[in-house]
Amino acid sequence: MTQLLYDHVTEIKGIGEKASEQLARLGIETIEDLIMTFPYRHDDFTLKDLAETPHNERVTVEGRVESEPSVVFFGSKRSRLQVRLLVGNHLIKAVFFNQHYLKNRFTQGNMITVTGKWDRGRQTINANRYSTGPKDEQANFEPVYSLKGVMHQKTFRRFMRAALNYVGAELEDALPVEFLTAYKLPNLQQALEMLHFPENPAHMKHARRRFVYEELLLFQMKMQAMKKVRKESEKGIPIHYDLEKLKEFIASLPFELTNAQKRVVNELCAELKSEVRMNRLLQGDVGSGKTVVAAIGLYAAITAGFQGAMMAPTEILAEQHAASLAEWLEPFDVTVAFLSGSTKGKARQQLLEMLAAGKIDLLIGTHALIQPDVVFKNLGVVITDEQHRFGVEQRRVLREKGIDPDVLFMTATPIPRTLAITAFGEMDVSILDELPAGRKEIETHWLKEDALQPVLNKMAAELTKGRQAYVICPLIEESDKLDVQNAVDVYHQLSVYFQDRFKVGLMHGRLHPEEKDEIMQAFSEGTIDVLVSTTVVEVGVNVPNATFMLIYDATRFGLSQLHQLRGRVGRGAEQSYCVLLADPKNEEGKERMHSMTETNDGFVLAEKDLELRGAGDFFGKKQSGLPEFKLADLVHDYRALDTARQDAERMLASESFWTTEPYRLLRERLEESGALSADRMD
Ligand code: ADP
Ligand code: MG
């Protein structure tokens, strides 16, 4: 190991006490800290042709001074210095603000180089930088570091130069040569040189590629090592389900499973049977049929004498699951119970007693399932629907309920592959990428907000055919109250508009759970024709007779959310429609609306969403669980991420990784990350 790297910065000539204090304020103590401080951008000082430089663009030119500089003062501090320059055959002005002292530096007939914003109309460069003499003496590309005003960029670059010289060729590269060769990456020393002192844009790109790959490789190694350690240390309970009963149950379903469902069921069953504790994410677009997969998994555990639990983020959804699962499973002697915040008093007490005594096979509910006094007799499998709505903490509590239950997280928010292997890198992922046969694509239209009338006509036409409709109300910022008000307003308007022709219902988050239930029930049964609602219907609600959805103010929703909402229709055999009312203010908004009309594929939309909004926003800040990378960008570097994943997989599985010299540094870094010790897991 290169000891020089761990030397204190003061070992470098020119870094004294004061400089070392300043560096310490930037978190830089050792030579390694210093050379691993990456610039956040590079400024380009290559000479450009003014004729091709757009207005307001930053540009560097060299020219001959054609006039004595003139200075005008405003007040005592402010000044404007102007000089005429001949750049090629272009006579322009260079203007410097508050730098009147430069007057004596510019001599008529001499060459100078200036950098600044090009004002095309005035043929003037508003200069913020200059050097006397022609261009050659100064670097073309200058890295710019985040120095928080602690010191000048120039000083920092000087220290950087000295630091790189100090460690020199003794730098050891953690990346084995095989990777450098395979991906044509510069070695560590070359890459640092190219990053801190690039001679051309290709240098910066090369250097960046290398560090991005290194960062992602280490990240993937860490995730996979964690997964491996978890599997080895957290032995689950093998669930020896009754295959005959399971087959019988599947045969009793009113439909045949899709191939994707069959595949995922097999994945689940294999894992249930094994000693490995399941920690799996099931991704499937809206309508792909996750519920029945869950039911099969739960029933499997029940046939082996275990209890199962299923948790959903909203009361409505939990009740729907309870209803579906009871309908499917009760004929097979499964005792199903429901628990939510509204289960109270004696009923709750009784339920808890039965649960603890093992008289309930399957408990379905909301967060109420993870309260401390909810005790299972022998919980074997836990399934959570729409897992991204559950915090890490809740997942942990739930897992601790039983004796190492297998856990399956389900989500209908398709997570782009790049994020799935990142955010959920330590989980196994199953994907339902097929919709049940016979589903029609939902016809989606985007209309301007003043086009409401034809939309209402179309809606009325559907209602006349006996179908039902959702109207999703404008979302106003974060305010729950205003959202409700909006829904109330729209509800009144539509009630007046449809008069006695159709019955309009209203649903929002502020209703009591019983009221919500009544309304949902009425909508399911068809007593309500049009359901005006806030986004509470977003997840999971299943009313196959609803074929029309109108979404007000659609630009306020993210693509994934729009897709979720739209998934409430198109659940039956009839053609369904979704109308987005929106007047997007910018290109991004327009693109989002277009994407919605162009595809029904949740994965495509998710990729698009990620591209438009960036990784940080994709899940919302807090929930993301995404790692912070120094250089890598999950959107742009997804190929590298995938390559790194495969490399990490191959490496960790090979004997030589654990024993031979070329991998020693990577191995050490992996150990330092803590990924190899079981107690670091949540
Ligand atoms: P999601 O994956 O969005 O949760 P659901 O589980 O609610 O989807 O399923 C949507 C609808 O499709 C339900 O009415 C369900 O009964 C039905 N369904 C599920 N699997 C199949 C299948 N293989 N063939 C036909 N219909 C199916
Ligand atoms: Mg669902």
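Please read these numbers as outputs of a predicted model, since none were measured by experiment. Reckoned from all heavy atoms, side chains included, excluding hydrogens, waters and symmetry mates. Start at 1 and go down the list; that is how both ligands and their atoms are numbered.
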Within-shell test, S288 vs ligand 1, heavy atom, strictly < 4.0 Å: yes
Ligand-residue contact atoms, ligand 1 with R571, heavy atoms, under 4.0 Å: 3 (O), 5 (P), 7 (O), 8 (O), 10 (C)
Inter-residue atom distance L408.CG - E267.CD, 0.5 Å rounding: 10.5 Å
Closest candidate by heavy atom, reference atom 24 (N) of ligand 1, pool G284, P436, A573: P436
Plane angle bin for F548 and Y577 - parallel if under 30°, tilted between 30 and 60°, otherwise perpendicular: tilted
Crowding at CG, N457 (>12 non-hydrogen neighbours, <6.0 Å): yes
Residues which pass side chain to side chain donor-acceptor pair (under 3.5 Å) with E275, listed by chain and number, not counting sequence neighbours: none
Numbered atoms of ligand 1 (with element) below 4.0 Å of G289, judged on heavy atoms: 1 (P), 2 (O), 5 (P), 6 (O), 8 (O), 9 (O), 19 (C)
Residues E574 and T547: side-chain donor-acceptor under 3.5 angstrom: no
Numbered atoms and elements of ligand 1 in range of T258, under 4.0 angstrom, heavy atoms: 23 (N)
Whether G287 lies under 4.0 Å from ligand 1, heavy atom: yes
Donor-acceptor contact present, side-chain R592 to main-chain T555, <3.5 Å: yes
Atoms in ligand 1 with a heavy atom of V286 nearer than 4.0 Å: 3 (O)
Residue list, salt bridge (Lys or Arg N to Asp or Glu O under 4.0 Å) with E256, at least two apart or on another chain: K262
Close-contact set for ligand 1 against E256 heavy atoms, below 4.0 Å: 22 (C), 23 (N), 24 (N)
Element-labelled atoms of ligand 1 that are located less than 4.0 Å from some non-hydrogen atom of L257: 23 (N)
Subset of ligand 1 atoms that lie under 4.0 Å from at least one heavy atom of T291: 4 (O), 5 (P), 6 (O), 7 (O)
